[in-house]
Amino acid sequence: MLRPLIATPLLVLAAAAAFAQGGQGPDFDFEVDSFFRDEWTREIFPPPGQAEFTNTERWRFQLRPRVTLNAGGFLAGVGGELNTSDAENVGEIRPLLIRDNYDAEDVRLDLAYAGLEAGGFRLQAGRFFMPVGFTEMIWDRDLRPQGVTVGLMSKDASGADRAGLTLLATRGSHVFEDDETEMLVGSVKLGWASGPDSSVEVTGSFVYFNDLAELEPMIRRQNSRVDGLLTDDYKVIDAVVRVRREGGLHSELVANYCWNVAADELNNGLWLAGVFGSTRTARARLEYTYARVERDATVAAYATDDFFWGTGWEGHRVDLGVRVAQALAVHVTGQMQRFKDSPRIEEQDHWVRRIRLDVRLFID
């Protein structure tokens with residue numbers, strides 16, 4: 001499937017170039033997201049047969065350059081991803097569990113999409129940015145859906161999105177093997193102004209994951225399994241409310257609840273977050289997140305890998321970022337997490353601590 005995904009943007013680039021000869025030039029954008037990270041995780045609960053807690057430390061570097069094109073409604077984008085770390089998560093000896101949504105020693109295709117946009121209609125195919133406003137409880141922002149998406153959006157006089165419908169169909173969207181796993185999404189978004197500089201946005205989605213038996217065993221993580229396989233397809237109802245203020249100090253409050261109607265128990269999740277400031281438009285940014293995600297609330301393979309577990313956990317996160325130059329910011333992140341749905345009773349109330357130091361570069 002990868003070859004047509006690479007070829008599709010090239011075809012659209014050619015079409016856009018031909019269109020540009022008719023009098024309208026294409027709009028190219030070059031962007032880079034990059035970071036260097038040092039991470040310390042403390043008092044990891046010992047596996048069966050061991051008595052002592054363990055501590056880990058690792059560093060990681062990621063580089064993501066990309067080029068996007070808009071030529072009179074023709075859309076295309078191509079991007080790459082480079083990762084390197086001192087802690088390889090995939091080696092000659094295959095681990096039982098990979099907690100990360102990235103290969104620690106890898107250069108890969110990150111984006112390769114093409115599409116059309118006219119008025120409020122948008123069509124994209126390939127590997128593209130997630131078009132639905134999920135939080136990372138459902139979808140890790142580092143992953144790219146691979147498939148087709150169609151969207152209809154209505155805007156107000158200021159150009160802000162006010163109502164929209166998004167349909168998404170994907171297959172094989174993980175960094176690791178999930179060639180047969182499919183995700184079908186239907187999502188509705190409503191937004192309205194709540195003041196001169198503030199707005200409210202509500203997103204409701206139905207997410208259907210199927211063919212999960214083919215998912216790479218190492219990324220099945222905390223979800224329920226029978227004979228090593230995930231027990232059911234996942235049918236997740238997800239609702240997100242965002243309240244934003246743009247004037248003065250930027251702020252955003254987020255409340256996200258999900259419910260997997262295909263599971264009889266341990267099937268819901270709650271994600272609450274507050275963001276104040278910005279490292280792109282202001283000097284500093286502070287974010288707090290509280291989450292409580294039950295074992296089968298969603299598919300753990302696609303949830304955020306910033307926390308130690310994908311599902312079955314409760315935790316807190318505080319992230320303070322300071323812009324030190326025009327395109328450079330330093331972030332310090334602290335987390336406390338517990339594996340509340342652990343099969344070992346003694347682990348359920350044990351809190352793991354994690355500290356991160358990030359140096360982030362962004363060019364756009």
Side-chain angles (χ1 to χ4, degrees), residues 1-10 13 28-41 56-69 75-95 97-114 124 126-130 136 139-147 170 172-179 216 218-219 279-280 301-308 310 319 321 323-333 354 356-364:
M1 190 174 183
L2 189 58
R3 289 182 180 177
L5 289 179
I6 297 174
T8 302
L10 298 179
L13 284 171
F28 284 96
D29 286 320
F30 174 71
E31 300 177 350
V32 175
D33 287 330
S34 179
F35 68 78
F36 177 83
R37 169 178 296 167
D38 219 345
E39 177 183 271
W40 301 264
T41 305
T56 64
E57 178 182 354
R58 62 180 181 177
W59 61 261
R60 177 188 171 196
F61 173 75
Q62 182 183 81
L63 176 66
R64 276 181 158 171
R66 55 182 174 266
V67 177
T68 59
L69 165 70
L75 307 174
V78 178
E81 177 182 342
L82 179 149
N83 284 289
T84 185
S85 173
D86 67 337
E88 293 187 10
N89 50 17
V90 176
E92 295 182 1
I93 301 177
R94 306 288 279 178
L97 171 65
I98 297 179
R99 300 185 183 275
D100 307 312
N101 291 334
Y102 67 91
D103 186 334
E105 295 294 338
D106 189 29
V107 178
R108 67 191 309 272
L109 188 68
D110 182 49
L111 292 171
Y113 68 85
Q124 286 183 295
R127 292 178 61 88
F128 41 79
F129 294 108
M130 171 55 73
E136 289 197 292
W139 188 262
D140 188 342
R141 70 187 67 174
D142 288 333
L143 295 177
R144 307 291 184 231
Q146 179 171 277
T170 76
S173 301
H174 209 281
V175 173
F176 301 108
E177 293 297 328
D178 69 338
D179 290 344
E216 174 70 64
M218 297 179 297
I219 58 173
T279 55
R280 300 207 176 197
Y302 301 98
T304 178
D305 64 351
D306 281 351
F307 286 91
F308 196 64
D319 181 337
R323 181 161 58 93
V324 296
Q326 182 62 32
L328 190 67
V330 175
H331 285 252
V332 178
T333 305
R354 171 173 282 178
R356 282 197 174 114
L357 177 63
D358 284 5
V359 179
R360 302 180 187 178
L361 174 68
F362 43 89
I363 299 173
D364 52 20

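Small disclaimer: the values here were computed from a predicted structure and weren't measured.
- To the nearest 0.5 Å, atoms CG (D103) and CZ (R108) are separated by 8.5 Å.
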Derivation of the side chain to side chain contact (heavy atoms under 4.5 Å, CB included) call for R360 and T279: CA-CA 10 Å; R360 302 180 187 178; T279 55; over 6 Å; no
query: Step by step, would you call D142 with N101 a side chain to side chain contact (heavy atoms under 4.5 Å, CB included)?
result: CA-CA 7 Å; D142 288 333; N101 291 334; 5.6 Å; no
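- Of the inter-residue distances, the one linking D305 atom CG with L143 atom CG reads 7.5 Å to the nearest 0.5 angstrom.
- Summarising the geometry, atom CG belonging to D38 is positioned 8.0 Å from atom CG belonging to D86; distances are rounded to the nearest 0.5 Å.
- In this structure, the side chains of T56 and T41 come closer than 4.5 Å at one or more pairs of heavy atoms.
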Full working for side chain to side chain contact (heavy atoms under 4.5 Å, CB included) between R356 and F35: CA-CA 12 Å; R356 282 197 174 114; F35 68 78; over 6 Å; no
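- The aromatic rings of Y302 and H174 stand perpendicular to each other, their planes meeting at an angle above 60°, with 30° marking the opposite boundary.
- For E81 (side chain) and D110 (main-chain N/O), no donor-acceptor pair under 3.5 Å exists by modelled atom type.
- Nearest heavy atom pair, residue P65 against residue F30, reads CB-CE1, 4.3 Å.
- Taking the ring centre of Y102 as origin, the terminal cationic atom of R60 falls inside the region bounded by 6.0 Å and 45° from the ring axis.
- Residues F36 and L63 have side chains not in contact (no heavy-atom distance under 4.5 Å, counting atoms from C-beta outward).
- Under the 3.5 Å distance criterion, the side-chain polar atoms of T333 are left unmatched by any main-chain donor or acceptor of D319.
- Scanning all heavy atoms of the two residues, the minimum distance from D306 to R354 falls at O-NH1, 2.9 Å.
- Ion pairing of D100 with R37 is absent here, as no side-chain N (NZ or NE/NH1/NH2) approaches a carboxylate O to less than 4.0 Å.
- The shortest heavy-atom contact between A87 and A104 is O-CB, 3.5 Å.
- The two residues A303 and D140 have their closest heavy-atom pair at O-CB, 3.6 Å.
- Side-chain contact between V359 and F61 is absent, with no heavy-atom pair separated by less than 4.5 Å.
- Within the 4.5 Å cutoff, no side-chain heavy atoms of E216 are placed close to those of I98.
- The pair R141-D33 does not meet the salt-bridge criterion, since no charged nitrogen lies less than 4.0 angstrom from a carboxylate oxygen.
- For the atom pair CZ of R323 and CZ of F362, the computed distance is 7.0 Å after rounding to the nearest 0.5 Å.
- By the 4.5 Å heavy-atom criterion applied to side chains, E39 and W59 are not counted as neighbours.
- No side-chain donor-acceptor contact under 3.5 Å links R127 to the backbone of A112.
- Here the CG atom belonging to N89 is positioned 10.5 Å from the CG atom belonging to L97, to the nearest 0.5 angstrom.
- At least one side-chain heavy atom of T84 sits less than 4.5 Å from a side-chain heavy atom of E105.
- Rounded to the nearest 0.5 Å, atoms OG1 (T304) and CH2 (W139) are 12.5 Å apart.
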message: Please determine whether side chain to side chain contact (heavy atoms under 4.5 Å, CB included) holds for the pair V67 and V78, giving the CA-CA distance in whole Å, both sets of side-chain angles, and the decisive distance to 0.1 Å.
response: CA-CA 6 Å; V67 177; V78 178; 5.6 Å; no
